[in-house]
Amino acid sequence: MLIRRPADIKSSEITDPLIYRQRREFIKGAAAISALAALPLRADAATKLSGVKKSTYTVDEVLTPFNDITTYNNFYEFGTDKASPAIQARNFVPRPWTVTVEGMVKRPMTFDIDDLMKWPLEERVYRLRCVEGWSMVIPWTGFPLNEILKRVEPTGSAKFVEFTSLNDPKRMPGQRSPVLDWPYVEGLRLDEAQHPLTLMVVGLYGEVLPNQNGAPLRLAVPWKYGFKSAKSIVRIRLVEKAPISSWMRATPNEYGFFSNVNPDVDHPRWSQSKERRIGEFLKRKTLPFNGYGAQVAAMYAGMDLRKFF
Ligand SMILES: Nc1nc2c(c(=O)[nH]1)N[C@H]1C(S)=C(S)[C@@H](COP(=O)(O)O)O[C@H]1N2
Ligand SMILES: [Mo]
């Protein structure tokens, strides 16, 4: 059994600057706090996923508690502070839902989420490193993105994959503010998208994926900064040129296409050498490729990672 119990340290008992900011963010959403306190910590039994097998693509590290993973989120479609998505996505209904896979493929296809949920699912514990300097250890449930790519058969000219999140300001209140150029768009090079570590996620802690974590379908690309793992995906397009992601469009000097976790290449406004694991007091050293170098570094052999950041 590779899963250990989470540490008992409560993040509310620590007062480093990041936590301080986190608490202020909570206070900003004060009106909603009582609503949040009323939420059950875990979904009911009906949302448990069955037949999930444990994957060997998993890290043996202390899991971040469910409550932290589901109340400290970046999901700008539901607000820009960490506490917002849990509250603002509370009544989001991720059904009916399809994901269309198109572009440079031999067989364009549209998949219904309820069919995808019947595919063989695996549980994988992955590290998630946010570009902001915090990290978590998350037990995701899903299947490799490559299972989808194999079915649509990319043509020889397909070199990149573009992911588009839902665009629906009626259901995603954050989209009523122009904080990003909606919809949220991210991209991977084709070999990155086909890599066995690149996971389409439909669950968390063995249960159906909570809305705030990107229901019903999001990516997990563990060697890249968290923002590459797009949430609530409705379209996957195989393309010839590198897609321009929402973050590149917003601040091109700060966010490059690759965005591999790299402690040696600082963000223009802050260092990337360390991270604070949510729930821990002392900062950890950030590892190249977020600790997945043995599996992924070969894909970048010969590339200047300062240039291709
Ligand atoms: N559509 C969409 N996807 C997104 C984001 C977002 O704002 N919108 N935030 C990203 C960022 S910055 C991070 S760190 C992760 C956070 O995932 P989590 O809330 O499940 O931990 O989602 C990423 N995917
Ligand atoms: Mo992030």
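Note that ligands are numbered from 1 as they come in the structure, with each ligand's atoms numbered from 1 the same way. The model shown is predicted, which means the values in this text are computed figures rather than measured ones. Counting begins at 1 with the first residue of the sequence.
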K.L.:
Verify the cluster assignment for I138 and W134: are they in a single hydrophobic cluster under the rule of side-chain heavy atoms below 4.5 Å apart?
P.N.:
yes

K.L.:
Under a heavy-atom criterion of less than 4.0 Å, does G214 contact ligand 1?
P.N.:
no

K.L.:
So is Y72 polar-close to ligand 1, meaning N/O to N/O under 3.5 Å?
P.N.:
no

K.L.:
Starting from atom 21 (O) of ligand 1, locate the nearest protein heavy atom and write down its residue, its atom name and how far away it is, to 0.1 Å.
P.N.:
L128 CD1, 4.0 Å

K.L.:
Check the hydrophobic clustering (I, L, V, M, F, W, Y; side-chain heavy atoms under 4.5 Å; chains of links allowed) and say if I278 and W140 are grouped together.
P.N.:
yes

K.L.:
Between S165 and ligand 1, find which residue part has any heavy-atom pair under 4.0 Å and reply side chain, backbone, both or neither.
P.N.:
side chain

K.L.:
Looking only at protein heavy atoms, which one is nearest to atom 24 (N) of ligand 1, and how far off is it?
P.N.:
S229 O, 2.9 Å

K.L.:
Under 4.0 Å from ligand 1, counting heavy atoms only, is it the side chain of Y76, its backbone, both or neither?
P.N.:
both

K.L.:
Working note: V201 + N213, criterion side-chain contact (heavy atoms from CB on, under 4.5 Å); need CA distance, chi angles, decisive distance, verdict.
P.N.:
CA-CA 10 Å; V201 169; N213 295 92; over 6 Å; no

K.L.:
Y184, I236: one ILVMFWY side-chain cluster at the under-4.5 Å cut-off?
P.N.:
no

K.L.:
Determine, considering heavy atoms only, which of E77, E132, K231 sits nearest to atom 8 (N) of ligand 1.
P.N.:
E77

K.L.:
T141 side chain to V202 main-chain N or O, any donor-acceptor pair under 3.5 Å?
P.N.:
no

K.L.:
Just need the protein heavy atom nearest to atom 9 (N) of ligand 1, so name the residue and atom and give the distance.
P.N.:
N74 O, 3.1 Å

K.L.:
Around atom 15 (C) of ligand 1, find the nearest protein heavy atom and jot down its residue, atom name and distance.
P.N.:
G226 O, 3.6 Å

K.L.:
Is it the case that R171 places NZ or CZ above or below the six-membered ring of W97, under 6.0 angstrom from the centre and within 45 degrees of the axis?
P.N.:
no

K.L.:
Using a 4.0 Å cutoff against the non-hydrogen atoms of W140, which atoms of ligand 1 qualify?
P.N.:
20 (O)

K.L.:
Tell me, which protein residue and heavy-atom name are nearest atom 6 (C) of ligand 1, and how many Å apart are they?
P.N.:
Y184 CE1, 3.4 Å

K.L.:
So, taking the atom named CG in L190 and the one named CE in M104, what distance separates them when rounded to the nearest 0.5 Å?
P.N.:
11.5 Å

K.L.:
As an exercise, identify every atom of ligand 1 less than 4.0 angstrom from a heavy atom of N73.
P.N.:
18 (P), 19 (O)

K.L.:
Can you confirm whether N211 sits close enough to R90 that some side-chain heavy atom of one is under 4.5 Å from a side-chain heavy atom of the other?
P.N.:
no

K.L.:
So that I can tick it off, tell me whether K159 and E240 are bridged by a salt bridge, with the cut-off set at under 4.0 angstrom between side-chain N and carboxylate O.
P.N.:
no

K.L.:
Just checking, K228 and F257: is the charged tip under 6.0 Å from the six-membered ring centre and within 45° of the axis?
P.N.:
yes

K.L.:
Could you list which atoms of ligand 1 come closer than 4.0 Å to a heavy atom of C130?
P.N.:
14 (S)

K.L.:
Under a 4.0 Å heavy-atom limit, does M136 contact ligand 1 with its side chain, its backbone, both, or neither?
P.N.:
neither

K.L.:
With a 4.0 Å cut-off on heavy atoms, does S232 reach ligand 1?
P.N.:
no

